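The analysis underlying the following values was restricted to heavy atoms, covering all of them including side chains, and did not include hydrogens, waters or symmetry mates. The structure presented is a predicted model; accordingly, all values stated were derived computationally and were not measured. Below, read A as the first sequence line, B as the second, and so on, with proteins coming before strands; counting in each chain starts at 1.
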Number of protein chains: 2
Amino acid sequence: MIALHKILIVDDEINIRKVVREYAEFEGYEVEEAEDGMQAVEMVRERDYDLVILDIMMPRLDGFSCCKEIKKYKDIPVIMLSARGEEYDKLFGFEIGIDDYVVKPFSPKELMARVKVVIRRKSSEQKMEEKYEFEGLTIDVLGRVVYVNGEKISMTPKEYDLLFYLVKNRNLALSRDKLLEDVWGYDFFGDDRTVDTHIKMLRNSLGEYRKFIVTLRGMGYKFEAD
Amino acid sequence: MIALHKILIVDDEINIRKVVREYAEFEGYEVEEAEDGMQAVEMVRERDYDLVILDIMMPRLDGFSCCKEIKKYKDIPVIMLSARGEEYDKLFGFEIGIDDYVVKPFSPKELMARVKVVIRRKSSEQKMEEKYEFEGLTIDVLGRVVYVNGEKISMTPKEYDLLFYLVKNRNLALSRDKLLEDVWGYDFFGDDRTVDTHIKMLRNSLGEYRKFIVTLRGMGYKFEAD
DNA sequence: TGCTGTTTTCACAAAATATACACAAATATA
DNA sequence: TATATTTGTGTATATTTTGTGAAAACAGCA
């Protein structure tokens, strides 16, 4: 049972992508490519990656903005590639959550070493302290408990699974089909509206924090919070 | 009983030290500073710290050497700070016992998150508790005995193992599979529900303190106590 | 070997949860 | 405004999961 890690390499230079892909595949990673930030954002929306390698200087959407965009709704580690000479002033205002940096020209070996470390760190970190907080709503993933204003509330398994999924994909529009597929499983052949019923129950459980669950008419639902 | 953790921040740049101190103190840590590796080594010799944050590039004694020196006689976790361009394959290729590293420029928030994780990891590693107490329930690990309101109760070996495991992992959601794997062993190929039966027996043994064992529907069980 | 305490399986009752459905409410469309 | 579409919600029913007692399998041991 080997969990193959998926990496997305984003760079407008095809040669860089090629080299990274080569080495990463050699190391046993699954690799996909994007040519610019926009494309990367779209790809990340649709599929789960374990790591994104982002060039800073790119057409359409630069690396920083892309990173910020990605981090809005997915918690994926990001390694930045910067050309030597490119300067980043904000030493401490740097709140966009980059996990590591590599300066071009880089040795692929070094990049791979960092990839390995970052992925490992992320996965161990997630286990250590997976906790989500939105105002007075806390979700303790390890304990599988949800608190509303500090008070533990009870939830059915489906409610919890649904909430967790919504939160993991917060600020993303999620269709009923997508929810059914990912929360219920691909082998669920029931009614679309089952989702609605569970959303209803979840909202009741969340009390005042039902506000985070937004209905997207004609589409589905969304957990909306920063 | 709050054990204040002591942190030593070692960096030649005063601004870095200042920022780290600020955030760390805000988080409730006690902070001391050193300007270079030599000074750090001396301070660590004289006083016990719970964590050392080490810059790599420093005058007199660099971060690597300093870390090696520290680890010679104290088992203190170390987080490394490295500047963007610095090569640090060595850091991971060679085993000098670094617990984590953060790349400059870093967000103080991120650094604090790592500090927290590393300290907790270390302390949970070291502390092999020999006695657990939850209200009137006492588990004497060395004697392998359990007391309910001061009275020794008898338990089968499996019951004890299960209880011990639950307690060690208290407040964590534990699936039946996980329990089977860790308490019964990876080579157990029996029924899932065996767990349920043992939980039942354990609950009976614990009497009023069965309340600590919580059923997580659709998931498993959890020992819930602070 | 036969005894004894332990572990595991199993079956069924009890409880909790998931689903479908009907109708109300809200929103969009003509 | 009337009508169609979509979502919210209460309720009844179906399904799943867990608790539990008892029997069977197993293990250690005199």
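When each of A/E159 and B/E159 is assigned the nucleotide of DNA chain C with its nearest heavy atom, B/E159 is the one assigned upstream, toward the 5' end.
The distance between atom CE of B/M201 and atom P of D/dT18, rounded to the nearest whole Å, is 17 Å. In this structure, the CG atom of A/N204 is 10 Å from the C1' atom of D/dG8, given to the nearest Å. Atom-to-atom, CG of B/D161 to P of C/dT6 comes out at 13 Å; the value is rounded to the nearest Å. B/D192 has its CG atom 11 Å from the P atom of D/dT17, to the nearest Å. Nucleotide D/dT7 holds its P atom 12 Å from the CG atom of A/L179, rounded to whole Å. Remark: P of D/dT15 and CG of A/D191 are 15 Å apart, rounded to the nearest angstrom. Atom C1' of nucleotide D/dC26 and atom NE2 of B/H198 are separated by 12 Å, given to the nearest angstrom.
Each end of the helix from C/dT1-D/dA30 to C/dA30-D/dT1 gets its own axis from five base pairs, and the two axes differ in direction by 30°, given to 10 degrees.
When heavy atoms are screened at a 4.0 angstrom cut-off, A/L216 is found touching the sugar-phosphate backbone but no base atom. Contacts of A/Y160 with the nucleic acid, taken as non-hydrogen atoms under 4.0 Å apart, are absent. Within the 4.0 angstrom heavy-atom criterion, only backbone atoms of the sugar-phosphate kind lie near A/R203; the bases stay farther away. Contacts of A/K200 with the nucleic acid, taken as non-hydrogen atoms under 4.0 Å apart, include base atoms. Within the 4.0 angstrom heavy-atom criterion, only backbone atoms of the sugar-phosphate kind lie near A/M219; the bases stay farther away. Among the atoms of the strands shown, none is found under 4.0 Å from any heavy atom of B/F189. Counting any heavy atom pair closer than 4.0 Å across all strands shown, B/R210 reaches no nucleic acid atom.
Contact annotation: A/W184 side-chain N/O to C/dT19 OP1/OP2 distance is under 4.0 Å. At the phosphate of D/dT17, neither OP1 nor OP2 sits under 4.0 Å from any side-chain N or O atom of B/Y221. Side-chain nitrogen and oxygen atoms of A/R176 include at least one within less than 4.0 Å of the OP1 or OP2 phosphate oxygen of D/dT7. OP1 or OP2 of C/dA20 has not a single side-chain nitrogen or oxygen of A/T197 nearer than 4.0 Å. Between C/dT9 and B/T194, a contact under 4.0 Å exists linking OP1 or OP2 to a side-chain N or O. For D/dG19, the OP1/OP2 oxygens have a side-chain nitrogen or oxygen of B/T215 closer than 4.0 Å.
Side-chain atoms of A/D191 and A/T194 form no donor-acceptor pair, as typed in the model, at a separation below 3.5 Å. A/D140 and A/Y132 are not linked by any side-chain donor-acceptor pair at a separation below 3.5 angstrom, with hydrogens and angles left out of the test. For the residue pair B/Y165 / B/D182, a side-chain donor-acceptor distance below 3.5 Å is found, with atom types taken as modelled. Between A/E135 and A/N149, the side chains place no donor N or O within less than 3.5 Å of an acceptor N or O (distance only, hydrogens not considered).
Taking both residues in full, the closest heavy atoms of A/L137 and A/L206 are given as CD1-CD2, 3.8 Å, listed atom of the first, atom of the second, then distance.
Relative to the side chain of B/F188, the nucleotides C/dT8, D/dT9, C/dA20 differ in distance, and C/dT8 lies closest.
The base of D/dT7 does not come close enough to the side chain of A/R217 for any donor and acceptor atom to sit less than 3.5 Å apart.
More than 12 heavy atoms of other residues, nucleotides or ligands lie within 6.0 Å of CZ in B/F134, so this atom counts as buried by the packing criterion.
In this pair, B/W184 and B/F188 present their aromatic rings tilted. The plane angle is within the 30 to 60° band.
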